[in-house]
Protein chains: 2
Amino acid sequence: MTKIYKGMKPTRRSFLTGAAASGVAMVSAKAANAEGDPAIINKQEWNQYLGEGVDARPYGMPSQFESHVRRQDVPWLTADPVSSVNFTPLHELDGIITPNGLCFERHHAGIAEVDPAEHRLMINGLVDRPLVFTMEDLMRFPRENHVYFLECAANTGMEWAGAQLNGCQFTHGMIHNVMYTGVPLRLLLQEAGVKTTGKWIMPEGADASGMTRSIPIEKALDDCLVAFKMNGEALRPEQGYPVRLVVPGWEGNMWIKWLRRIEVGDQPWHHREETSKYTDLLADGQARRFTWEMDAKSVITSPSPQAPITQGPGPLVITGVAWSGRGTIPRVDVTIDGGITWQQARMSGPSLNKSMHRFYLDVEWDGKPMLLQSRAHDSTGYVQPTKEQLRHVRGENSIYHNNSIQTWAVNEKGEAENVEIS
Amino acid sequence: MTKIYKGMKPTRRSFLTGAAASGVAMVSAKAANAEGDPAIINKQEWNQYLGEGVDARPYGMPSQFESHVRRQDVPWLTADPVSSVNFTPLHELDGIITPNGLCFERHHAGIAEVDPAEHRLMINGLVDRPLVFTMEDLMRFPRENHVYFLECAANTGMEWAGAQLNGCQFTHGMIHNVMYTGVPLRLLLQEAGVKTTGKWIMPEGADASGMTRSIPIEKALDDCLVAFKMNGEALRPEQGYPVRLVVPGWEGNMWIKWLRRIEVGDQPWHHREETSKYTDLLADGQARRFTWEMDAKSVITSPSPQAPITQGPGPLVITGVAWSGRGTIPRVDVTIDGGITWQQARMSGPSLNKSMHRFYLDVEWDGKPMLLQSRAHDSTGYVQPTKEQLRHVRGENSIYHNNSIQTWAVNEKGEAENVEIS
């Protein structure tokens, strides 16, 4: 039943010459018919041998051809990799789920290797009944599942001063988006009995940095989770195994990893990580504090500096991600001319509260330079600002909470560069 | 601000003795206060050292304490592991996403290691323009993201003849649930131009088994995807890297991996995998065929034979998964007495079309034996049948499409066993 066409081995160019103008007519039928040799598909090496069996990979890993898809650190950024960050390769991903092995890491004393049988979680302070939980104890409480983004407050922070890092992995890769399974923190606090004077909590990590942050009791009783699974399986060590705090929509530093203690108090603690760090220094020398919610933001992941256009003019999928700490993303606009004209992108995938969203704009690229930007609208009506608008309000001293519009300049060759336009 | 309590190191028993009767009052405050020594949390080994830095794990792996969470094959099941199956450890997972490393495998000639630069996808047969696509060509078509379950038609097949395999990993583990990113097959077929005589497609795999199946053109033009990502990253080699067919809601064997060719024809091909295999032999010797849709099904994943109750009486989370090839799962019922009384379970997590759903029933276990079952209702109104009901219609010769209710018998010690009740 199979017809066989004689001809040369097809090449990329032969199939794309003559691509039609419509959105989907992107493979030249003439070229395929004339030059495509279907016999090629029966001559592939992997058609000739038996591969590894079902006993070979009890826990699977990506293909050898995907070894370039990796978290990447920037050695010059900090003095030591135990207190530093690496970045999610956003330019290589699609959809909205970040695979666990590629979720960016941020440590203050390296990765604690915690034995879950020995780990304990204490609740103390202004409570009726101080409690210590084993992991097995936590497994007896009702659980919930939610997909949430986790974004470091410093994500895109280097860009305040101008276009610096060349690639969305580095400008926007301090974010990941996974499904968490955990116990609502509310249930554990109710078990301990928060006194009427208890207005704040201070979660604390079990690693050598003993990370602490202050969180208002309203948030703690709202949607915080004490989570032990991500994307179905146990948390990864670098994400706080065996248990971390999930603080939906709020800056990542508050999502305490290796969670060992939650103290209830009557006021914030003003520890280092909420005074000298994770506050926003304004132009007048004053610092904004308690800026926990992550504002609506988006970035185009492809094309981008690490994901250039390799096929020349013709049909092009422009894609990216958008998120908001305040809700969902009903709409993203994309411009290819630096903001002169905007087109509404197509969203694809579930639209979930405080989760990443994926957008696409399917265009016909004419081979001319482009200035690519995306602009997220969240469910509160908030619209992602330009860098100029953000600087106007917050000055240029800030590091944290840069949610401004990102620009990629694409040249005739399809190469993209991080630029700033005004 | 932290109060320090003097006492012994807490043990599991000390915290659970005296657990209250309410759903969430499950940790004895008295025990915690009297015996819990909060100082333990400052004496943990991992609090004393700096861990690995952000340069250590470009692609992360699970904790050393999770090495028991693995795909598991059953050596006696087939003659050779290159043509066999392994099973998703459902009893260790939660939520609805299956991590890529734990998605069950089914191969017919082992894992093909395909170079994406050399791979081609051909569309031929009853089309106006036979086409050959490179991977880069596929990247130019509009993409979509969907979470779908993939279930092998033989999942639970060994149980037709009675309770045989002791653990939901083995009875129900030929299923996984991930987010796919891919091009609607419809767009590729439109590009090739299906002739009016084209009523069926035959996708073909590039591995040494050259797997083929017949699929009606209506399904091909409806929701099938030519997918290249799972859970955000490239497909895994054992799941068809670099490209597989996604046939939502239909049996897994049709989801051709390492997809290299799609032929369009005017009738089904009746190949081996749709005649001697993947048909259902009835009691009268006739075989049901074209039974592609996976009926609504559910299973309790914990407690279960591989996930016994280890903490004795008190609050207990009963949890499991449910799915239907025909839509969503608005409701799951759970019984602890073998079907005498049923309680409606709590669903948690997004309810997506043709995706796994997660359910929970939070109970107070009195320490007496239980007969646990779950029963899924799908969005068409269909209710998961008992094994007796299914046998009444289909006899006892079948292997495939066993979607009947599963029973676990739990004894006083909390140990669970696969049993059959009638």
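Proteins come first, then strands; the chains are lettered A, B, ... in the order of their sequence lines, and each starts at number 1. Everything numeric in this text was worked out from a predicted model, so none of it was measured.
In this structure, T310(A) OG1 and E136(B) CD are separated by 3.5 Å, a value rounded to the nearest 0.5 Å.
Panel note: side chain N145(A), backbone S348(B); a donor-acceptor pair is recorded below 3.5 Å.
In this structure, R140(B) and P315(A) approach most closely via the heavy-atom pair NE-O, 2.8 Å. Shortest non-hydrogen contact noted between Y59(A) and R71(B) is C-NH2, 4.2 Å.
Highest contact tally toward chain B, considering only R70(A), E113(A), R346(A), H107(A), is held by E113(A) [criterion: heavy-atom pairs under 4.5 Å]. Most heavy-atom pairs under 4.5 Å with chain A: of the set D55(B), V147(B), T98(B), I111(B), this distinction falls to I111(B). Contact count against chain B (heavy-atom pairs under 4.5 Å) is highest for D115(A) among N100(A), V69(A), D115(A), L93(A). Across I96(A), D73(A), N86(A), D94(A), the residue that shares the most heavy-atom pairs under 4.5 angstrom with chain B is D94(A). Most heavy-atom pairs under 4.5 Å with chain B: of the set V54(A), L188(A), L361(A), I97(A), this distinction falls to V54(A). The candidate with the highest count of non-hydrogen atom pairs below 4.5 Å against chain A, out of P62(B), P89(B), A109(B), S302(B), is P62(B). Between chain B and the residues E92(A), H146(A), Q72(A), the most heavy-atom pairs under 4.5 angstrom are made by E92(A). Taking chain A as the reference chain and counting heavy-atom pairs below 4.5 Å, the highest number among C103(B), P350(B), A208(B) is found for A208(B). Heavy-atom pairs under 4.5 Å with chain B were tallied for P58(A), G95(A), G349(A), G53(A); the largest tally goes to P58(A).
Here the side chains of M61(A) and M61(B) are in contact, with some heavy-atom distance below 4.5 Å. Between E66(B) and R236(A) there is no side-chain heavy-atom pair separated by less than 4.5 Å. Here the side chains of M139(B) and V317(A) are not in contact, with every heavy-atom distance at 4.5 Å or above.
In this structure F228(B) satisfies the ring pair (Phe, Tyr, Trp, His ring centres under 6.0 Å) test with no other residue, sequence neighbours excluded. With sequence neighbours excluded, the residues that form a side-chain contact (heavy atoms from CB on, under 4.5 Å) with A112(B) are W46(A), V114(B), D207(B), W258(B).
Evaluated for a side chain to side chain contact (heavy atoms under 4.5 Å, CB included) with S63(B), the options P116(A), P237(A), P242(A) yield exactly one hit, P237(A).
Only the side chain of M179(B) comes within less than 4.5 Å of a heavy atom of chain A; its backbone N, CA, C and O stay farther away. Interface remark: L235(B) contributes no atoms to any contact with chain A (heavy atom separation under 4.5 Å). The contact between T181(B) and chain A is made entirely by side chain atoms (from C-beta outward), counting heavy-atom distances below 4.5 Å. Residue contact with chain A, scored on non-hydrogen atoms closer than 4.5 Å, involves the side chain of Y360(B) exclusively. Residue T319(B) touches chain A through its side chain alone, counting heavy-atom pairs closer than 4.5 Å. For a residue to count as touching a neighbouring chain, one of its non-hydrogen atoms must lie under 4.5 Å from one of that chain's; by this rule L352(B) touches chain A with the side chain only. Proximity to chain A (any heavy atom under 4.5 Å) is shown, for R143(B), by both the backbone and the side chain.
The existence of a salt bridge linking R57(A) and E105(B) is excluded, since no basic side-chain nitrogen approaches an acidic carboxylate oxygen closer than 4.0 Å.
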